[in-house]
Enquirer: 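Sharing a structure here in structure tokens format.
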Amino acid sequence: LRHLERCRDNWRLVAKVKAQRCSPQTHTPFTQMTAGDMDKVEVFDAGSKGRGLKTKQDFWSGDVVFAEPAYAAVVFDNLIHHVCHGCFKKQAKLQRCMQCKFAHYCDRTCQKAAWTEHKSECSAIRNYGKAPSESIRLASRIFWRMRREGALVPEDRLLPIEDLQDHLDDLSEAEKKQLNLDVEVFQRYWQPKAQELSMESISHIFGVINCNGFTISDQRGLQAVGVGLFPNLCLVNHDCWPNCTVMLNNGNRDAVNSMFHTQMRIELRAVMQIKAGEELMVSYVDFLSLSAERRKSLKEQYYFDCSCEHCQKGIKDDLMQAVKEEDGKKPPEETVTEVIEVSKTTLEKVEKERQEGSWANVVKLCRACLKKQEPVLADTNLHKLKILSLVSEVLSYLQHFEEAADYAKQMVEGYQKLYHHNNAQLGMALMRAGVTHWHAGRIEPGHAMICQAYGIILVTHGPTHPISKDLEAMRCQTEMELRMFKENEFIYYQMREAALKNQKMHVMAQPAGNYIKELFHRRK
């Protein structure tokens, strides 16, 4: 019944999107907010968690609670030649700033839109002789913005930058050493203007970046390409089973008239019903870890002890460590320990083979590991899920779709028992599994998975996101093929085979293994 209710809620959203496209009415399918509109949330004292945000009204799954443009954002050092410094979209060809020779843009439109942020940076890079690291560049952009705004705090900002948490007292000795080095480089980069700033204010901004720097993704949301600061988002506290998710909207500058351009912004989206007065929560880390490991990670990266219900009660820890039972009997503890060690060793070996691009060896290692895992570990065991995810992705890349589909099906069935039903990672996994089944000629399960993925991504990403549009196109295509399959299975396979002979199969990109799973960016 719970599954049927979830399906009903998700498909209600799909129906609303369809109705909006067919209707001349101007209302939107979800509660939308313009970037900077913070009237529906408020700051409150969250007790031991410090400050928090709560809502003033009810929200439903898929509603945008608030949207916020970046206060400041920069591209990662290793991607400066491949990502637009204005809209953060990956492009094959970019135009370089002719003055500093550092910043790259899609075109003149992006360059013009980004000039306010780049103007001071352009001059500083030319004077310094080179571009500093991403953290120095981000801190500089924050100070330039603070200087432009002066002492006035805009109405759409809930707290001034100076009041954000920096956790400087919680830094380790190694982190403090790195902070001092960053401050020294910053002062040389900002000369002579650095004299205006105190050591305390510079250290504070680096501390804020360290614990609140938000990971910025490319236009498809698959690769981390930069880091930015979103002050209002910094006030949303963590929960391992949150009621909201954060999605980056890269904006749109394709229109000829700049009046119709939209800027890059984050959108805080509800993934379940939220009542007025409830605290807004997001997850800082991926849920697929044992509660003790999540708490350790949160303590090391964000300097707090997670006290959410899932961590306190260890909810789903039993599933993540589950083993197979036969006639009520579990395998011996020694056997389980041995298989887990084999799994860890396999992942280490696989990582080396991935770096060398030896995909055949990756598949061989994963098959051998799964053979040992199969009689011992349950399908929800984290060690097994990691191997299933790896092997299904690599086999799809190698175009062994039949075998990849078997593993992908096993993987998503495990994910569905662990993740929240509106989790973005679950939606992306269902999409990849659906495409794999589609390529394998398994049109019925492929269409079903793509439909499930579409329902989830509508909630987490919204109907205008590129991935949502791709999924909608795939859903329509697979629906058409499914009707053809049901009418005449023999004719369907004949047409499919003829089409594949005349057209190269489009497969997934080379396995990267670096999908975004954490909300905030931390220096490695």
Side-chain angles (χ1 to χ4, degrees), residues 70-88 90 94 96-97 99-105 114 117-147 161 164 166-168 170-218 223-231 234 248 264 300-302 514 516 518-524:
Y71 186 84
V74 295
V75 174
F76 285 150
D77 295 336
N78 61 331
L79 293 172
I80 56 175
H81 301 296
H82 308 287
V83 175
C84 176
H85 291 213
C87 67
F88 289 79
K90 289 188 70 177
L94 295 169
R96 186 173 64 172
C97 174
Q99 296 186 51
C100 66
K101 314 293 185 185
F102 170 75
H104 291 71
Y105 301 98
E117 287 74 27
H118 179 59
K119 182 179 179 180
S120 298
E121 178 185 67
C122 188
S123 175
I125 290 173
R126 283 184 281 126
N127 293 334
Y128 189 59
K130 62 178 182 179
S133 67
E134 61 209 31
S135 58
I136 308 295
R137 289 187 284 118
L138 181 57
S140 300
R141 285 195 169 207
I142 292 172
F143 277 116
W144 282 317
R145 173 100 183 241
M146 292 171 67
R147 190 170 62 180
I161 302 297
L164 294 178
D166 57 26
H167 287 288
L168 291 177
D170 299 315
L171 297 180
S172 65
E173 290 303 317
E175 288 172 327
K176 289 179 181 177
K177 185 177 180 181
Q178 182 60 55
L179 173 64
N180 292 331
L181 291 174
D182 286 341
V183 171
E184 290 178 12
V185 175
F186 174 85
Q187 288 176 321
R188 292 197 299 270
Y189 178 62
W190 249 64
Q191 288 288 359
K193 304 181 187 69
Q195 303 300 328
E196 307 169 7
L197 306 173
S198 66
M199 284 289 293
E200 291 76 13
S201 62
I202 299 174
S203 299
H204 170 71
I205 292 300
F206 277 108
V208 170
I209 293 172
N210 185 54
C211 58
N212 291 301
F214 179 82
T215 302
I216 293 177
S217 63
D218 61 359
Q223 182 184 2
V225 298
V227 57
L229 182 67
F230 297 82
C234 297
L248 182 77
M264 182 184 71
E300 291 175 352
Q301 296 185 51
Y302 305 104
N514 57 349
I516 302 171
E518 294 193 357
L519 187 65
F520 294 101
H521 169 72
R522 291 277 296 176
R523 177 183 291 181
K524 303 298 182 184

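Reckoned from all heavy atoms, side chains included, excluding hydrogens, waters and symmetry mates.
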Enquirer: Out of curiosity, E300 CD to E175 CD, how far, rounded to the nearest 0.5 Å?
Expert: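 Separation between the atoms: 9.5 Å.
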
Enquirer: Would I209 and I142 count as a side chain to side chain contact (heavy atoms under 4.5 Å, CB included) if you check the C-alpha gap in whole Å, the side-chain angles of each, and the deciding distance to 0.1 Å?
Expert: CA-CA 10 Å; I209 293 172; I142 292 172; 3.9 Å; yes

Enquirer: List the residues meeting side chain to side chain donor-acceptor pair (under 3.5 Å) with D170, not counting sequence neighbours, and say none if there are none.
Expert: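 Partners of D170 under the side chain to side chain donor-acceptor pair (under 3.5 Å) test: H167.
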
Enquirer: Which heavy-atom pair separates Y189 from P132 by the least distance, and what is that distance?
Expert: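 Nearest pair, atom of Y189 first, then P132: CE1-CD, 3.5 Å.
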
Enquirer: Enter the distance from Y71:OH to N212:CG here, rounded to the nearest 0.5 Å.
Expert: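 If I round to the nearest 0.5 Å, the distance is 14.0 Å.
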
Enquirer: Take R96 and H81, measure what side chain to side chain contact (heavy atoms under 4.5 Å, CB included) needs, and give me the verdict at the end.
Expert: CA-CA 9 Å; R96 186 173 64 172; H81 301 296; over 6 Å; no

Enquirer: Checking L168 against S203 for the side chain to side chain contact (heavy atoms under 4.5 Å, CB included) test, could you report, in this order, the C-alpha distance in whole Å, the side-chain angles of both residues, the deciding distance, and whether it holds?
Expert: CA-CA 8 Å; L168 291 177; S203 299; 4.0 Å; yes

Enquirer: State, to 0.1 Å, how close S201 and F143 come at their nearest heavy-atom pair, and which atoms those are.
Expert: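 Taking S201 first and F143 second, the nearest heavy atoms are O-CZ, 3.5 Å.
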
Enquirer: Test your reading of the model: is there a side-chain donor-acceptor pair from D77 to the backbone of E134, 3.5 Å cut-off?
Expert: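 Indeed, once roles are kept as given, a pair shorter than 3.5 Å links the two residues.
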
Enquirer: If you count every heavy atom of other residues, nucleotides or ligands that lies below 6.0 Å from K119 atom NZ, does the total exceed 12?
Expert: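 Counting neighbours around NZ of K119, 12 or fewer heavy atoms of other residues, nucleotides or ligands fall under 6.0 Å, so no.
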
Enquirer: Can you check whether L248 reaches I216 side chain to side chain, under 4.5 Å on heavy atoms?
Expert: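 Touching, per the 4.5 Å side-chain cut-off.
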
Enquirer: Looking at every non-hydrogen atom in both residues, tell me the closest pair between C100 and R126 and how far apart they are.
Expert: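 That would be CA-CG, 3.9 Å.
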
Enquirer: Can you tell if the side chain of L197 reaches within under 4.5 Å of the side chain of I205, non-hydrogen atoms only?
Expert: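 When only atoms from C-beta onward are counted, I205 and L197 do not touch, as no gap falls below 4.5 Å.
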
Enquirer: Hey, can you tell me if F206 and F186 have their rings parallel, tilted or perpendicular (30° and 60° cut-offs)?
Expert: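 Geometry flag for F186 against F206: perpendicular rings.
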
Enquirer: So H85 and F102, do their side chains get closer than 4.5 Å, heavy atoms only?
Expert: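 Yes, their side chains come closer than 4.5 Å.
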
Enquirer: SG/C87 to CG/D218 distance, rounded to the nearest 0.5 angstrom?
Expert: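 Separation between the atoms: 10.5 Å.
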
Enquirer: Can you see which heavy atom on A70 is nearest to which on R145, and at what distance?
Expert: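 Looks like O-NH1, 3.6 Å.
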
Enquirer: Taking all atoms of both residues into account, what is the closest heavy-atom pair of H104 and I80, and its distance?
Expert: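 Closest approach of H104 to I80, heavy atoms only: ND1-O, 3.3 Å.
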
Enquirer: Is it the case that the side chains of Q178 and D182 hold a donor-acceptor pair, with the cut-off being a distance below 3.5 Å and no angle test?
Expert: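 Side-chain D/A pair, D182 to Q178: present.
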
Enquirer: Please report the shortest heavy-atom distance between A114 and G86, naming the atom on each side.
Expert: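 For A114 and G86, the tightest heavy-atom pair comes out as CB-CA, 4.0 Å.
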
Enquirer: Hey, does I161 have a side-chain heavy atom less than 4.5 Å from the side chain of L229?
Expert: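 Yes, side chains in contact.
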
Enquirer: Does the side chain of V83 reach to within under 4.5 Å of the side chain of F76, using non-hydrogen atoms?
Expert: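 SC-SC contact between V83 and F76 ruled out.
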
Enquirer: Considering only NZ, NE, NH1 and NH2 on the basic side and carboxylate oxygens on the acidic side, decide whether R141 and E117 come within less than 4.0 Å.
Expert: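 Salt bridge flag = no for E117 with R141.
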
Enquirer: Heavy-atom distance under 4.5 Å between the side chains of L179 and N210, does that happen here?
Expert: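 When only atoms from C-beta onward are counted, N210 and L179 do not touch, as no gap falls below 4.5 Å.
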
Enquirer: Rounded to the nearest 0.5 Å, what's the gap from CD1 on I136 to CZ on R188? Could you check?
Expert: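 Between atom CD1 of I136 and atom CZ of R188 there are 9.0 Å.
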
